[in-house]
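Below: one structure, written as structure tokens.
No hydrogens, no waters, no symmetry mates; every other heavy atom, side chains included, goes into these values. If you read the sequence from its start, that first residue is 1, and numbering goes on from there.
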Amino acid sequence: MTTLTSRERLHRCYTHQELDRPGVYIRTFWPSDASYEPVKAWVNEHTDRKIPIDLHRLEKPHKITVTRQPYSDDFAKEITTLHTPEGDLQSVMLEGLRLLPGYCQEHFIKTPEDAKKWLSLPLPEFCGDGSFFHEANRQIGDRGIADAILGGNPGGTVASLMGSETFAYFTVSDRDIVHAMCQRQQEILLRRLRHALSLGIGPYFSFLGQEWIVPPLHGPEDFKDFNARYDKAIIDAVHEACGGGGRIHVHCHSKIGQVFQQFVDLGVDVLHPFEPPPMGDITAKEAKRLARGKMCLEGNIQIAHMYEHTPEQIYEEARQLIADTFDDHRDLIVSPTASCYQVGKGAECFEQIKAMVAAATRSEPRA
């Protein structure tokens, strides 16, 4: 086979066709961390690129009020008030300073009454002409694809509004409310997709959030009831889009081995990642056995290894991944399991990234 462009290669990954080599992709780096600037420049030159395009930009936001308060030397408190027809909802985020990650201290939904307030919100109105997508698609050209991000899937969005503990309680005591919220979010995503398609956006779409409802937090039946049940219509609508050429990517961490077949049955085109123990519970060989000919695997070098292992070790890990999953010359994008995350340590993962790319492209890493 002749050498493919990155755009051709990723298209073949998403459509399960034979490849000249595996795809190779690095997820987004910390945008404000200067130590990663040389890494990003090299990655942009040497890997298959995906430009993320957030389709939330097509909607008018609900009315919110945001206030900030001092909290500590490392964090600031950000209080967001969401105004609904049935009353206000409030969340509290601790925003990390000095490039520290933040975390949610208080979620919007804590009680069934809060859920009913959220359900009273009107469905979003659309705005914009989609030119931002078409400009990004034009700029990336043969270097990759524009990834139209639908946002959080219905189940994951609802769980994120509550937090894992409260969501778990709701799935026992107020399951009907969870379903009502999932149905509303499903309708929002379907409308978002239809509007995007009316503007000529596509054919590569993605959503995420399924990891909120997978083992060990929830069993396979909850995955089926709150993820698969609502994701299916969205995935089917994507596949029907663009003259039947729409494709869907899903990002989902955790122990997905027990629900891996459900991802295949749903028609997910690309799944990232598929982690072995101890982070996950499925080997690359097993993932390939289940996905063969039906779903592209994206992964699967543990992101921590990029800082903890030598370039030689990373090369061998990527080489073994390829040996385990690319015997048919289809459906593999070699990638870390997550974005680079350690502050100020771009130089400490640079050679490891080069080694992973070298294994995927069967070439020696070059400066």
Side-chain angles (χ1 to χ4, degrees), residues 25 27-28 50 52 54-56 91 93 101-104 107-109 147 149-171 178-179 181-182 185-186 188-189 205-232 234-235 238 248-284 286-287 290-291 295-305 333 335-341:
Y25 170 65
R27 298 186 80 221
T28 306
K50 291 193 266 185
D54 188 352
L55 297 186
H56 282 100
S91 74
M93 287 290 298
Y103 65 94
C104 186
H107 292 83
F108 278 117
I109 295 175
D147 174 23
I149 302 173
L150 290 169
N153 79 315
T157 297
V158 174
S160 69
L161 288 166
M162 301 179 180
S164 294
E165 184 175 359
T166 300
F167 180 78
Y169 285 128
F170 267 66
T171 62
V178 177
H179 280 300
M181 295 178 71
C182 287
Q185 194 61 25
Q186 181 195 58
I188 289 173
L189 261 68
F205 295 89
S206 65
F207 65 167
L208 73 170
Q210 289 82 358
E211 63 192 32
W212 284 88
I213 317 174
V214 295
L217 289 174
H218 293 267
E221 285 306 310
D222 274 355
F223 182 95
K224 183 178 181 180
D225 211 20
F226 297 118
N227 275 332
R229 177 174 177 174
Y230 297 101
D231 290 357
K232 185 64 166 65
I234 298 164
I235 292 172
V238 167
I248 190 75
H249 176 288
V250 167
H251 169 77
C252 182
H253 281 286
S254 203
K255 297 183 185 298
I256 64 170
Q258 295 179 60
V259 297
F260 192 92
Q261 186 62 50
Q262 292 196 53
F263 283 117
V264 176
D265 293 343
L266 281 167
V268 172
D269 294 298
V270 185
L271 180 65
H272 173 264
F274 47 101
E275 297 164 290
M279 299 298 290
D281 64 346
I282 188 168
T283 66
E286 178 66 8
L290 295 171
M295 185 168 72
C296 179
L297 301 172
E298 183 176 285
N300 209 43
I301 310 302
Q302 278 296 338
I303 188 61
H305 292 184
I333 302 172
S335 172
T337 57
S339 301
C340 292
Y341 64 98

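- Using a 4.5 Å cut-off on side-chain heavy atoms (C-beta onward), Asp269 and Cys296 make no contact.
- For Ile149, the side-chain contact (heavy atoms from CB on, under 4.5 Å) partners are Pro52, Asp147, Ser206, not counting sequence neighbours.
- Considering only residues two or more places apart in sequence or on other chains, Thr337 meets the side-chain contact (heavy atoms from CB on, under 4.5 Å) condition with His253, Pro273, Glu275, Asn300, Gln302, Ile303.
- Side chain of Asp281 to backbone of Ile256: a donor-acceptor contact under 3.5 angstrom is found.
- Judged by distance alone, with hydrogens and angles left aside, the side-chain atoms of Asn153 form no donor-acceptor pair with the main-chain N or O of Phe207 at under 3.5 Å.
- Residues forming a side-chain contact (heavy atoms from CB on, under 4.5 Å) with Ala304 (at least two apart in sequence, or on another chain): Glu308, Tyr341.
- Taking Lys232 as the reference, Asp236 meet the salt bridge (Lys or Arg N to Asp or Glu O under 4.0 Å) condition, with sequence neighbours excluded.
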Would you check, one step at a time, whether the test side chain to side chain contact (heavy atoms under 4.5 Å, CB included) holds for Met181 with Ile109?
CA-CA 11 Å; Met181 295 178 71; Ile109 295 175; 3.2 Å; yes
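- By the ring pair (Phe, Tyr, Trp, His ring centres under 6.0 Å) test, Phe263 is found to be paired with Phe223, residues two or more places apart in sequence or in another chain being considered.
- Residues forming a ring pair (Phe, Tyr, Trp, His ring centres under 6.0 Å) with Tyr230 (at least two apart in sequence, or on another chain): His179.
- For Glu298, the side-chain hydrogen bond (donor to acceptor under 3.5 Å, both in side chains) partners at least two apart in sequence or on another chain are Lys50, His249.
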Using the rule given for side chain to side chain contact (heavy atoms under 4.5 Å, CB included), can you reason through Val238 versus Leu150, listing the C-alpha separation, both sets of side-chain angles and the distance that settles it, and then say yes or no?
CA-CA 10 Å; Val238 167; Leu150 290 169; 4.3 Å; yes
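- Taking each heavy atom of Ser254 and Pro215 in turn, the nearest pair found is OG-O, 3.0 Å.
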Distance-only donor-acceptor hits, side chain of residues 161-170, under 3.5 Å, sequence neighbours excluded:
none

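- Nearest heavy atoms, Gly280 versus Lys255: O-NZ, 3.5 Å.
- By the side-chain hydrogen bond (donor to acceptor under 3.5 Å, both in side chains) test, Glu286 pairs with Arg289, sequence neighbours left out.
- With sequence neighbours excluded, no residue satisfies side-chain contact (heavy atoms from CB on, under 4.5 Å) with Pro278.
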Check step by step if side chain to side chain contact (heavy atoms under 4.5 Å, CB included) holds for Val214 and Cys252.
CA-CA 9 Å; Val214 295; Cys252 182; 3.9 Å; yes
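- A distance-only check finds a donor-acceptor pair linking the side chain of Thr157 to the backbone of Gly152 [under 3.5 Å].
- Under the rule for a side-chain hydrogen bond (donor to acceptor under 3.5 Å, both in side chains), His107 has no partner lying at least two apart in sequence or in another chain.
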